[in-house]
Protein chains: 2
Amino acid sequence: MPWRDGAGAPWLHGKFKGCGYRMTMPRQIILDVLSGTADHLSAEDVYHKVHNAYPSIGLTTVYRTLELLVHIGLIYKFDFGDGRSRYELAEGSKSDRHHHHLVCTGCGRIIDYTDFIDEEIELLKKTEKGLSEKYNFKITNHLIQFYGLCDRCQNK
Amino acid sequence: MPWRDGAGAPWLHGKFKGCGYRMTMPRQIILDVLSGTADHLSAEDVYHKVHNAYPSIGLTTVYRTLELLVHIGLIYKFDFGDGRSRYELAEGSKSDRHHHHLVCTGCGRIIDYTDFIDEEIELLKKTEKGLSEKYNFKITNHLIQFYGLCDRCQNK
DNA sequence: TCTTTTTTGAAAATGATTTTCATTTTCATT
DNA sequence: AATGAAAATGAAAATCATTTTCAAAAAAGA
Ligand SMILES: [Mn+2]
Ligand SMILES: [Mn+2]
Ligand SMILES: [Zn+2]
Ligand SMILES: [Zn+2]
């Protein structure tokens with residue numbers, strides 16, 4: 001990520017202001033944290049990571065900012081069944097980093113996978129088209145998760 | 001549902017006892033409630049419905065039973081983003097009542113759809129096979145949801 | 001019936017998220 | 001640079017779905 005010095009990616013300023021929001025330090029850092037990891041962070045995870053660079057951050061602001069980022073569409077919010085929401089940077093279905101999840105019901109491990117996505121994307125496109133027409137439903141997003149046991153959890 | 005008189009489907013007794021659990025009145029009624037609706041009930045929804053036939057029911061028991069039913073695999077637990085878990089009778093991917101969901105982010109409406117499932121199922125099967133092998137992950141279930149705006153919510 | 005194990009319900013506890021509210025920051029205008 | 005309105009922030013309190021505790025009731029077995 002070339003744009004250091006705490007400025008965050010420049011085009012994001014526009015994204016925020018365009019929606020009538022201000023690009024503030026807490027928001028930048030929170031976004032930086034989410035941009036800098038492939039993990040699926042909880043609000044408190046984010047809070048702790050941000051705290052390093054910006055000790056005065058409040059957990060409330062983290063929650064508010066995450067909600068905002070989800071609303072703007074910059075991040076995704078997930079429920080993997082462990083009682084807290086988890087977030088990751090949004091990568092549209094065109095991006096080569098777009099992925100779906102395997103969720104281990106044994107240990108809670110989350111595995112990102114991008115394999116087989118091509119076919120999935122194609123089917124998804126077709127399905128979304130059909131559903132949009134039949135139910136007059138404007139689809140903006142999809143969620144696909146597989147549940148099961150990871151290698152570790154299978155062997156006892 | 002032919003087996004009334006509060007007995008519940010007979011084969012369920014076996015299902016319960018086979019797992020070392022007892023088929024009690026609260027459990028039967030809770031299962032009956034979920035069998036008798038296509039809605040996506042919250043724990044409290046279930047509690048209220050059960051209360052008619054069994055006024056002494058406790059909310060705690062509802063939570064415990066729902067958890068048990070999910071564990072046994074008789075019902076599914078969903079998070080549609082409204083802050084409470086919702087449940088529905090499990091219909092395996094073979095069943096003709098198996099379906100996926102459209103979730104309206106505007107009003108929270110949930111639409112069941114079975115259309116286009118055939119192709120989805122086929123792809124899912126292939127995908128699951130591939131993922132199982134590559135990640136050595138034993139897949140037992142999947143979740144597919146589409147988010148967007150329902151007809152009502154689109155027109156302002 | 002007697003005994004053991006499971007289930008149940010009320011009340012209290014938990015804990016993630018939201019709300020409140022006074023203070024601080026931002027940003028467009030003087 | 002100073003000003004003022006609007007937006008953003010953080011600490012503390014409130015919410016509220018879900019879980020835990022614990023003593024009493026129900027079920028299975030001998
Ligand atoms: Mn991911
Ligand atoms: Mn459904
Ligand atoms: Zn695992
Ligand atoms: Zn709607």
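To find a chain, count down the sequence lines: A is the first, B the second, and so on, and within it residues start at 1.
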- Verdict with reasoning, A:Leu41 to A:Arg86, per side chain to side chain contact (heavy atoms under 4.5 Å, CB included): CA-CA 5 Å; A:Leu41 304 178; A:Arg86 294 186 171 274; 5.6 Å; no
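- Taking 3.5 Å as the limit, the base of C:dT26 and the side chain of A:Arg22 contain a donor-acceptor pair of atoms between them.
- The OG atom of B:Ser85 sits 11.0 Å away from the CZ atom of B:Phe78 when rounded to the nearest 0.5 Å.
- Residue contacts for A:Gly20: at a heavy-atom cut-off of 4.0 Å it reaches no nucleic acid atom on any strand shown.
- For A:Glu122 and A:Lys126, the salt-bridge test fails: no basic side-chain N is under 4.0 Å from an acidic carboxylate O.
- Taking side-chain N and O atoms only, A:Ser42 has no distance below 4.0 Å to OP1 or OP2 of C:dA16.
- For the 3.5 Å distance criterion, the side chains of A:His40 and A:Glu88 qualify, holding a donor opposite an acceptor.
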task: Check the pair B:Val70, B:Tyr76 against side chain to side chain contact (heavy atoms under 4.5 Å, CB included), reporting the backbone distance first and the verdict last.
output: CA-CA 6 Å; B:Val70 168; B:Tyr76 294 139; over 6 Å; no
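- Distance CG (A:Leu41) to C1' (C:dA16): 16 Å, rounded to an integer number of Å.
- One can place CZ of A:Arg84 at 14 Å from P of C:dT18, the figure rounded to the nearest angstrom.
- Residue B:Tyr87 forms a side chain to side chain contact (heavy atoms under 4.5 Å, CB included) with just one option from B:Asp39, B:Leu66, B:Val33, B:Asp45, and that option is B:Leu66.
- Interatomic distance, B:His71 NE2 to A:Thr105 OG1, rounded to the nearest 0.5 Å: 9.5 Å.
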Mind running salt bridge (Lys or Arg N to Asp or Glu O under 4.0 Å) on A:Asp151 and A:Arg109 for me, showing each step along the way?
CA-CA 11 Å; A:Asp151 51 358; A:Arg109 185 150 72 114; 2.8 Å; yes
Dot-bracket assigned to DNA chain C with the 3.5 Å Watson-Crick/G-U criterion, [ ] for crossing and | for other-strand pairs, is ||||||||||||||||||||||||||||||
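- Put simply, CD1 on B:Ile29 is 10 Å from P on C:dG9, counting in whole angstrom units.
- Atoms CZ (A:Phe80) and C1' (C:dA16) sit 17 Å apart, rounded to a whole Å.
- Note: B:His98 and B:His142 meet the aromatic proximity criterion, with ring centroids under 6.0 Å apart.
- Side-chain polar atoms of A:Glu120 and A:His100 form a donor-acceptor pair below 3.5 angstrom.
- In summary, contact between chain B and DNA chain D, defined as any nucleotide atom under 4.0 Å from a heavy atom of the protein, begins and ends at D:dA17 to D:dA28 in the 5' to 3' direction.
- Proximity of residues 47-74 of chain B to DNA chain C (heavy atom under 4.0 angstrom from any strand atom) is restricted to B:Tyr54, B:Ser56, B:Ile57, B:Gly58, B:Thr60, B:Thr61, B:Arg64.
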>> Could you walk me through whether A:His101 and A:His99 satisfy the side chain to side chain contact (heavy atoms under 4.5 Å, CB included) test, starting with their C-alpha distance in whole Å, then the side-chain angles of each, then the deciding distance to 0.1 Å, before giving a yes or no?
In response: CA-CA 7 Å; A:His101 295 118; A:His99 60 267; 3.2 Å; yes
